[in-house]
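For reference, the structure discussed in these notes is given below.
Whatever order the structure lists ligands and atoms in, that order sets their numbers, starting from 1.
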Amino acid sequence: MKKCELYRCLPNVKTLLEDVELQSCIEEYGRDTVKETIQCELGKLRAEISQWKDGQETENDLEIRMKEKLPHLTDMVKERMKEKQRPNIRPVINGTGTILHTNLGRAPINEEHFKKIASVVCGYSNMEYDLDAGRRGERYSHFEELLCKLTGAEAAMAVNNNAASVLLILSALAKGGETVISHGELIEIGGKFRIPDVLEQSGSVLTAVGTTNKTRLEDYERAITENTNMILKVHTSNYKIVGFTESVKIGELAPLAAKYSIPLVEDMGSGAFVDLERFGLSHEPTVQESIAGGADLVCFSGDKLLGGPQAGIIVGKIKYIEVLKRHPLTRALRIDKFTVAALELVLREYLSKEKAVKNIPTLRMIGKTDDETVKDAKKLCRMLKAANLSIQVSLRPCCSQVGGGSLPQETIPSMAVAIRPEQISVTKLEEQMHHCSIPMFGRIVNDEILLDVRTMNSKDFKLVVSQFSDIL
Ligand SMILES: *Cc1c(COP(=O)(O)O)cnc(C)c1O
């Protein structure tokens with residue numbers, strides 16, 4: 001058959017739409033979507049015919065190839081429809097060992113919490129209704145008292161994320177005047193979020209004091225003028241200057257701020273509630289410490305070390321929180337019911353440190369013991385070996401990281417399963433892992449893929465093995 005005649009062998013769209021095989025598809029996804037998919041699949045076959053050139057194969061071969069494909073056309077359409085229906089955002093398996101992985105959704109939410117959140121968001125709730133008073137309430141009321149109790153602050157609120165907290169605080173309290181900040185704290189947090197830019201955006205003028213490595217109390221005092229509206233401290237959570245350094249603690253700045261009646265604000269970034277020393281990590285300042293030290297306002301992320309939903313939490317003096325709650329930006333940056341519900345649940349866990357460490361996935365992963373990681377790694381190793389795939393599997397000690405710009409220098413000793421493919425390259429294997437139905441992420445080290453079990457759930461091991469079987 002000639003190339004030009006082959007086009008005529010292709011069924012037309014109308015015939016396919018009437019095909020019994022596709023009727024359930026049409027019912028489920030709608031006629032237009034199915035039609036579009038048919039057109040697309042037929043287009044591919046037409047392109048294949050038109051690209052045929054004399055030489056590589058005979059026209060006869062092309063005909064055979066086409067006739068092999070045609071009976072499967074409806075299956076292909078069905079397959080495409082299924083793919084199209086699959087949500088683009090989906091769960092992945094994190095074997096990178098980075099606990100707060102910004103690209104992989106940062107802090108995971110406890111599943112039990114999520115069930116409770118679902119029951120709130122799937123229907124109506126008392127989101128902004130005060131049941132006791134019988135009138136309109138505040139969305140912050142569900143977690144404000146909890147935050148005050150846990151941090152020792154007078155009042156609290158939350159916005160969309162911590163970048164929003166910083167913007168709101170500066171816009172509401174520092175606009176039209178100067179903000180004093182140490183040179184060493186003019187950081188970029190990531191995603192082009194730079195403290196000097198946020199200051200400019202808020203309408204406050206930056207007065208940088210001290211030097212990159214050393215800033216003293218006198219530096220702050222000398223910079224204060226009648227136009228100073230705020231003293232801002234930013235926790236340099238994502239980098240560390242080591243060696244010849246000096247900075248001024250909140251506790252030392254508080255009397256200075258009080259003397260000149262200027263609000264003292266600390267952006268803590270991660271905002272730990274529990275002391276990480278209990279996990280063998282170095283001390284990360286806690287929110288309680290900052291409030292006790294005399295900060296007027298403290299802001300931090302909901303989905304970093306706190307282990308909750310994305311949010312920017314602000315705690316501190318009632319007179320400042322009142323100003324923030326009334327500011328027009330707050331309406332633009334406000335949190336939704338998902339966040340309100342998730343925040344309340346995660347904060348409740350902190351009423352008992354033991355419960356927090358057990359029930360908040362971020363803390364749970366940071367706190368996994370050597371016994372646990374070794375046991376899990378051995379189990380995954382055994383399961384992969386038993387599947388008899390064309391890979392070499394072994395145990396490797398490795399280092400996990402907290403991530404999310406927290407504790408950049410700290411690593412946590414952990415255990416990984418190392419996978420070395422025998423028939424394909426390690427980069428090819430990694431690419432295939434990313435294209436599984438539940439994509440899998442690891443780290444390539446020395447031509448092996450390391451799957452750090454600290455960030456994995458042993459419940460997923462069966463799935464991991466079956467996906468590797470599919471790839472290989
Ligand atoms: C991460 C971080 C932010 C931004 O917080 P998001 O919740 O990611 O918006 C702001 N300041 C500091 C110091 C941070 O570490």
Note every protein N or O atom lying under 3.5 Å from an N or O atom of ligand 1, pairing the names and giving the distance.
| from | atom 1 | to | atom 2 | distance (Å) |
| --- | --- | --- | --- | --- |
| ligand 1 | 5 (O) | Ser301 | OG | 3.2 |
| ligand 1 | 7 (O) | Asn162 | N | 3.0 |
| ligand 1 | 7 (O) | Ser301 | OG | 2.4 |
| ligand 1 | 8 (O) | Arg106 | NH1 | 3.2 |
| ligand 1 | 8 (O) | Arg106 | NH2 | 2.9 |
| ligand 1 | 9 (O) | Asn162 | N | 3.2 |
| ligand 1 | 9 (O) | Ala163 | N | 2.9 |
| ligand 1 | 11 (N) | Asp267 | OD1 | 3.3 |
| ligand 1 | 11 (N) | Asp267 | OD2 | 2.6 |
| ligand 1 | 15 (O) | Ser237 | OG | 2.6 |
| ligand 1 | 15 (O) | Lys304 | NZ | 2.8 |

Keeping the roles fixed (side chain from Lys358, backbone from Lys353), state whether a donor-acceptor pair exists under 3.5 Å. no
Out of His435, Gln432, Glu430, Gln467, which one pairs with Met440 under the side-chain contact (heavy atoms from CB on, under 4.5 Å) rule? Gln467
Give a yes or no answer on whether the side chain of Arg396 reaches the backbone of Met415 with a donor-acceptor pair at less than 3.5 Å. no
Assess whether atom CG of Asn227 is packed by more than 12 heavy atoms of other residues, nucleotides or ligands within 6.0 Å. yes
Hits for ring pair (Phe, Tyr, Trp, His ring centres under 6.0 Å) against Tyr350, two or more places apart or cross-chain, chain-then-number order -> Phe273
When you look at Glu344 and His142, which way does the side chain to side chain donor-acceptor pair (under 3.5 Å) test go after all the steps? CA-CA 6 Å; Glu344 180 181 355; His142 307 287; 4.6 Å; no
